[in-house]
Every structure is written in structure tokens, then in C-alpha cells.
> 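Structure incoming, see below.
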Amino acid sequence: MYDITIVGSGFSGIFLAYTLLQSESKLKILIIEKGKKFIDRICPIETGMSEKCVHCTICNKAQGFGGMGRSEGKFNYTNDFGGKLGEKIGNENVIDIMEEIDKILCLFGGDKVKLYSTSNEELNRRAKESNCSILSTKVRHLGTTLSYEIISKMYLYLKSKINIQFDADIISINKNNCVFNLNSKEKVFYSKVVVLATGISGGDKFLDYCKYFNIEPCRRRIDLGVRVEMNEYELETILKKSFETKISWKDNEIEATTYCMNPKGKVIKKYQEGLVMADGQNCLETDNPSCNFNFSILIPKYFYNCNQAKEYATSIIKSINKGKGRIIIQRFEDLIKNRVTTKEQLIKNSIHPTLESEGGNLYNEIPRIYINGALKIIETIEKLTDKKICKDTLLYGIDAKFYEPEITTNEHFETKEEGLYVLGDCSGTTYSLAQAAASGVYLGRYFLKK
């Protein structure tokens with residue numbers, strides 16, 4: 001019998017377990033992970049064994065110890081984006097907890113890279129004049145290699161003090177006499193308290209857990225948009241010494257925001273939900289940086305029917321993929337003139353695409369709202385830099401961010417089923433590493449007080 005069982009070992013689960021161990025409470029803690037140990041997470045695409053997703057039964061890129069934090073390890077310490085944790089537990093409380101998270105990361109080696117701020121007062125002033133806003137944050141950007149080192153050290157620390165079960169797929173969860181039964185094919189785990197922390201990879205199985213206890217999701221968010229690839233120097237005046245600036249533009253119809261800026265980065269393919277999308281890789285994730293700069297311009301859309309949300313995004317992306325992983329690319333000048341970008345134009349283009357894609361016309365491929373959002377952000381960038389964006393700038397269609405449905409919980413992430421908690425990204429409350437980790441620390445402190 002365990003006191004607390006955590007289902008999932010992403011950053012919310014890791015920081016929850018770490019916090020619980022910072023006392024003399026002698027709690028008996030179990031982490032159950034469907035994926036593998038950190039060292040065994042081998043993705044065929046990342047190792048060069050395959051050029052495309054081979055649809056592994058367990059996705060080592062997304063699942064396993066460390067979750068999605070295994071990739072670039074970017075911790076944005078802010079309430080401005082990355083989730084709505086501040087609305088749930090208070091903005092000041094979130095920032096205080098994030099300071100603690102940064103100290104923990106540094107204990108495990110995070111201080112090898114500097115903590116920096118994207119704040120820029122002059123840029124903020126100019127943004128207001130352009131009817132947009134700049135979302136600022138403090139950032140500890142670990143990069144792939146350092147992130148790997150830190151997660152490995154955290155794993156060694158946790159496994160010496162608690163039980164961690166890998167390759168354990170929980171088929172169902174039920175409750176008898178105030179005790180939760182977590183049923184896998186091999187055995188049943190018994191626990192007084194269960195914390196579902198399955199991240200965004202929990203999917204339908206996570207919803208099945210909730211459905212058994214009559215816990216229905218509220219709404220689901222889907223972000224869609226284009227990925228932009230441009231000359232690196234074009235954003236120098238607004239980036240200055242920071243790695244990223246997040247620009248947001250909003251009116252009555254559109255709320256567009258830039259995401260995932262990658263100086264000297266590359267555009268790569270992202271495989272998720274059986275779909276192929278344009279994604280970004282930064283210079284800290286590759287040994288072969290480019291001379292380009294890439295980022296996404298995404299627009300959120302909310303659905304109160306979870307299936308409808310997935311169907312909407314899937315229908316758009318599948319129509320582009322055409323069953324062969326197809327991604328469309330278009331020159332900015334051609335987008336303005338609503339004409340197809342040809343293969344010959346791409347060969348001659350002054351900005352060479354870092355991802356081989358099919359030339360086309362985004363107007364024929366994606367809903368107009370995502371093109372309008374991209375144009376508004378590009379127009380804003382031109383105002384902020386006092387320069388016209390190069391006509392050879394490239395736009396890829398389409399990029400997407402999937403989120404888990406929002407689950408109704410109290411201020412301590414407890415569902416209506418006493419003793420059952422939903423934490424991190426799978427709660428629909430957090431969308432980033434920093435906010436997911438903060439939710440884990442917050443819940444851990446609550447358990448220790450309780």
C-alpha cells in the first residue's frame with residue numbers, strides 16, 4: 001500500500017516527488033511510468049535510424065522519465081504565457097515557486113547556463129504604440145545536452161528514495177473502501193492517494209481514468225498556425241541579448257502570438273497524433289546550426305467538445321499531409337500576391353529552407369484566419385524593427401500545439417473524487433515546463449502540510 005502514487009514522470013510528477021522527499025514524513029511514494037527510463041528513451045528519428053516516424057508503441061520522444069522536458073529544457077518563469085496556474089493559485093505564489101524550481105535545477109547543474117530576462121522597456125513602449133504587447137519572462141534555457149544531464153541526476157536521486165515502475169501501463173483505475181486500485185496487465189498497485197500527471201501524452205487513456213469517476217472535461221484548446229523562417233539578423237534590434245521575444249497581437253477576431261524562437265535554428269518535422277507538422281529546432285539542440293531564424297505564429301481555438309477539437313485540427317493537417325508527411329512552404333512575397341511558390345523559386349531563394357518541403361500556396365491549404373494572424377504579426381514586427389521583412393522569408397504550413405482538456409479541480413488540483421488529483425499539463429491548466437514543475441511543487445507542499 002502506497003501513501004501517494006504518481007502516474008507519469010514528466011516534470012510535474014518529478015517535482016512533486018522531489019518536494020515530498022524534502023521532509024521527514026516517511027511517505028511511501030510510487031511513480032508509475034508507461035514509458036522507459038531516461039537512458040533508454042531512443043527515438044529512431046533522432047538517432048538517424050529512420051527519416052520519418054515509425055509509430056513506436058511507446059513514443060520515446062514524448063513518453064518516459066522527464067516527459068517532454070527531455071528536448072530543449074526551456075524554463076520560462078512567467079505567468080504571461082505557458083498556462084493559467086496563476087489564475088488557480090495566485091500569480092505571486094507561482095513566481096515564488098518558480099524561484100524555488102530554478103534553485104532546484106541549479107542544484108542538479110542548471111547553473112551551467114545563465115538565467116536571462118527577455119524584458120525590454122523600449123520594446124514594450126514601441127509595442128503599445130503598435131497596438132500589440134510583448135510577453136516577458138525570465139528564462140533558464142538548458143538545451144538538450146544539459147537537460148539530459150539534469151534529468152539523469154534527478155532520476156538517480158529519486159530512485160534511491162522511492163519506487164519507480166517503468167513500462168507499466170495502467171489499464172484502469174478504480175476505488176474500493178477508500179483505496180485506489182491501479183490495474184496493469186502484470187499487477188495491481190494500491191494507494192491512498194493518486195495523482196494523474198500524464199502530461200500531454202496521456203491522451204484517451206487519461207480521459208478513461210477520469211470517465212470511470214464521472215469526471216468530464218470542460219473544454220479543449222488547439223493552437224494552429226505557420227512557422228516562419230527568415231534571415232537571422234532581421235530581429236536583432238528587438239531581440240538584442242535575449243534568446244526570444246514573445247509578441248502578441250489581438251483584436252475582436254484574432255489572438256496571434258509568436259512561439260519558439262530559434263536563432264541559428266532549423267525547421268524540422270514534428271510527429272504527433274499520427275500527423276506531421278512543421279516544428280523548430282534551436283542551436284542548442286543541434287551540432288550543425290544554420291544561418292536562419294525560425295519561430296511559429298499560432299492562434300488558439302477552444303472547443304467544448306474534445307472530439308470536435310481533435311477532428312478540427314486533424315482534418316486540416318491531414319489534408320496537407322496527404323498521407324505522405326507533406327508540408328507546404330511559401331515565400332512571403334508569393335503569400336502577399338496569393339500565388340504558388342515553385343520548386344525553381346525555392347532553389348533561387350536567398351533564404352534557403354532548412355526543411356525540404358513542397359512549394360505551394362497557403363491560401364489553398366489552411367483556413368484564412370491563420371494566414372491573417374501571420375500577416376498581422378509580420379506587420380507588427382516590421383513596425384517594431386522599422387524595416388520591411390525580406391520578401392524571401394519562408395512560411396511553412398502548418399504548425400500545431402495540442403493541449404489536454406481542462407479538468408475541473410479545486411485549488412489543490414483535487415477532482416470531485418476525494419484523493420484523486422490531476423496535475424501538470426494533463427489538467428489543462430499548465431502548458432510549459434516551468435508551470436508544470438510549479439504545479440508539482442505546489443501540490444507537494446500542500447500534501448506535506450496536510
> Indicate whether the side chain of Asp169 and that of Ser184 have a donor and an acceptor atom separated by less than 3.5 Å.
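Side-chain D/A pair, Asp169 to Ser184: absent.
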> In a table with atom names and distances, give each donor-acceptor pair under 3.5 Å that connects a side chain of residues 419-427 to protein atoms at least two apart or in another chain.
{"unit_1": "Tyr421", "atom_1": "OH", "unit_2": "Lys450", "atom_2": "NZ", "d": "3.3"}
{"unit_1": "Asp425", "atom_1": "OD1", "unit_2": "Thr430", "atom_2": "OG1", "d": "2.6"}
{"unit_1": "Ser427", "atom_1": "OG", "unit_2": "Gly424", "atom_2": "O", "d": "2.6"}
{"unit_1": "Ser427", "atom_1": "OG", "unit_2": "Thr429", "atom_2": "N", "d": "3.1"}
{"unit_1": "Ser427", "atom_1": "OG", "unit_2": "Thr429", "atom_2": "OG1", "d": "3.4"}

> Assess the pair Phe303 and Tyr312: is the distance between their ring centroids shorter than 6.0 Å?
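Ring-ring flag for Phe303/Tyr312: true, centres closer than 6.0 Å.
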> Taking only Lys NZ, Arg NE, NH1 and NH2, and the carboxylate oxygens of Asp or Glu, determine whether Glu99 and Lys103 approach each other closer than 4.0 Å.
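Here Glu99 does not pair with Lys103 in a salt bridge, since their nearest N and O are not under 4.0 Å apart.
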> Between Glu149 and Lys112, is there a side-chain N and carboxylate O pair less than 4.0 Å apart?
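A salt bridge is present here (some side-chain N lies under 4.0 Å from a carboxylate O).
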> Using the test side-chain hydrogen bond (donor to acceptor under 3.5 Å, both in side chains), find all partners of Thr258 that sit at least two apart in sequence or belong to another chain.
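Thr258: no side-chain hydrogen bond (donor to acceptor under 3.5 Å, both in side chains) contacts found.
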> Applying side chain to side chain contact (heavy atoms under 4.5 Å, CB included), can you list everything that pairs with Thr408, at least two apart in sequence or on another chain?
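Applying side chain to side chain contact (heavy atoms under 4.5 Å, CB included) to Thr408 gives Cys218.
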> Going through the checks in order, is the ring-ring contact (aromatic ring centres under 6.0 Å, His included) test met by Tyr18 and Tyr157?
CA-CA 9 Å; Tyr18 179 88; Tyr157 173 82; 5.4 Å; yes
> Quick one: do Glu406 and Arg220 satisfy salt bridge (Lys or Arg N to Asp or Glu O under 4.0 Å)? Show the steps, please.
CA-CA 6 Å; Glu406 295 176 20; Arg220 190 170 195 169; over 6 Å; no
> Under 4.0 Å between a Lys/Arg side-chain N and an Asp/Glu carboxylate O for Lys416 and Glu216?
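The answer is no: the pair does not qualify as a salt bridge.
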> Centre-to-centre under 6.0 Å for Tyr2 and Phe180, is that the case here?
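No.
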> Taking Thr118 for its side chain and Thr137 for its backbone only, find out whether a donor-acceptor pair lies under 3.5 Å.
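At least one qualifying donor-acceptor pair exists.
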> Where do Glu365 and Arg326 land on the salt bridge (Lys or Arg N to Asp or Glu O under 4.0 Å) test, with the steps shown first?
CA-CA 11 Å; Glu365 305 283 347; Arg326 173 176 174 264; 2.9 Å; yes
> Hey, are Asp279 and Arg227 close enough for a salt bridge, meaning a charged N less than 4.0 Å from a carboxylate O?
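Answer for the salt bridge query: yes.
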> Looking only at side chains, do Tyr77 and Asp102 share a donor and an acceptor under 3.5 Å apart?
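Asp102 and Tyr77 do have a side-chain donor-acceptor pair below 3.5 Å.
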> Would you tell me whether Asn294 and Tyr396 have side-chain atoms, one donor and one acceptor, within less than 3.5 Å of each other?
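Short answer, no.
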> Using the test salt bridge (Lys or Arg N to Asp or Glu O under 4.0 Å), find all partners of Asp96 that sit at least two apart in sequence or belong to another chain.
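Result, salt bridge (Lys or Arg N to Asp or Glu O under 4.0 Å) vs Asp96: none returned.
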> State whether the number of non-hydrogen atoms from other residues, nucleotides or ligands found under 6.0 Å of Glu411 atom CD is greater than 12.
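Count over threshold, so yes.
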> Does NZ or CZ of Lys301 come closer than 6.0 Å to the centre of the six-membered ring of Tyr370, within 45° of the ring's axis?
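No, Lys301 and Tyr370 do not form such a contact.
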> State whether Tyr259 and Lys246 meet the cation-pi test: NZ (Lys) or CZ (Arg) under 6.0 Å from the six-membered ring centroid, and within 45° of the perpendicular axis.
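Because its charged atom sits under 6.0 Å from the ring centre and within 45° of the axis, Lys246 does stack over Tyr259.
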> Determine whether more than 12 heavy atoms belonging to other residues, nucleotides or ligands lie under 6.0 Å from atom NZ of Lys175.
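Yes, because the 6.0 Å sphere around NZ of Lys175 holds more than 12 heavy atoms from other groups.
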> Strictly by side chain to side chain donor-acceptor pair (under 3.5 Å), give each pair with a member in residues 434-449 just once, sequence neighbours left out.
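The answer is His412-Tyr442.
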> More than 12 non-hydrogen atoms from neighbouring residues, nucleotides or ligands closer than 6.0 Å to CD on Glu129, yes or no?
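Correct, the count exceeds 12.
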> For the residue pair Arg219 and Tyr302, would you count it as a cation-pi contact if the rule is NZ or CZ under 6.0 angstrom from the ring centre and within 45 degrees of the ring axis?
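Yes, Arg219 sits over the ring of Tyr302.
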> Ile371 pairs by side-chain contact (heavy atoms from CB on, under 4.5 Å) with which of Ile366, Val226, Ile297?
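Testing Ile371 for a side-chain contact (heavy atoms from CB on, under 4.5 Å) against Ile366, Val226, Ile297 leaves exactly one candidate, Ile366.
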> Just to verify, what does Glu414 make a salt bridge (Lys or Arg N to Asp or Glu O under 4.0 Å) with, not counting sequence neighbours?
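If we apply the salt bridge (Lys or Arg N to Asp or Glu O under 4.0 Å) test to Glu414, skipping adjacent residues, there are no hits.
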> Going by ring-ring contact (aromatic ring centres under 6.0 Å, His included), Tyr155 matches just one of Tyr148, Phe108, Phe166. Which one?
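For Tyr155, the ring-ring contact (aromatic ring centres under 6.0 Å, His included) test succeeds with only one of Tyr148, Phe108, Phe166, which is Phe166.
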> Please indicate whether Lys84 has more than 12 foreign heavy atoms, meaning atoms of other residues, nucleotides or ligands, lying under 6.0 Å from its NZ.
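Enclosed: over 12 neighbouring heavy atoms sit under 6.0 Å from NZ of Lys84.
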> How far apart are the closest heavy atoms of Val113 and Arg140, and which atoms are they?
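The answer is O-NH1, 2.6 Å.
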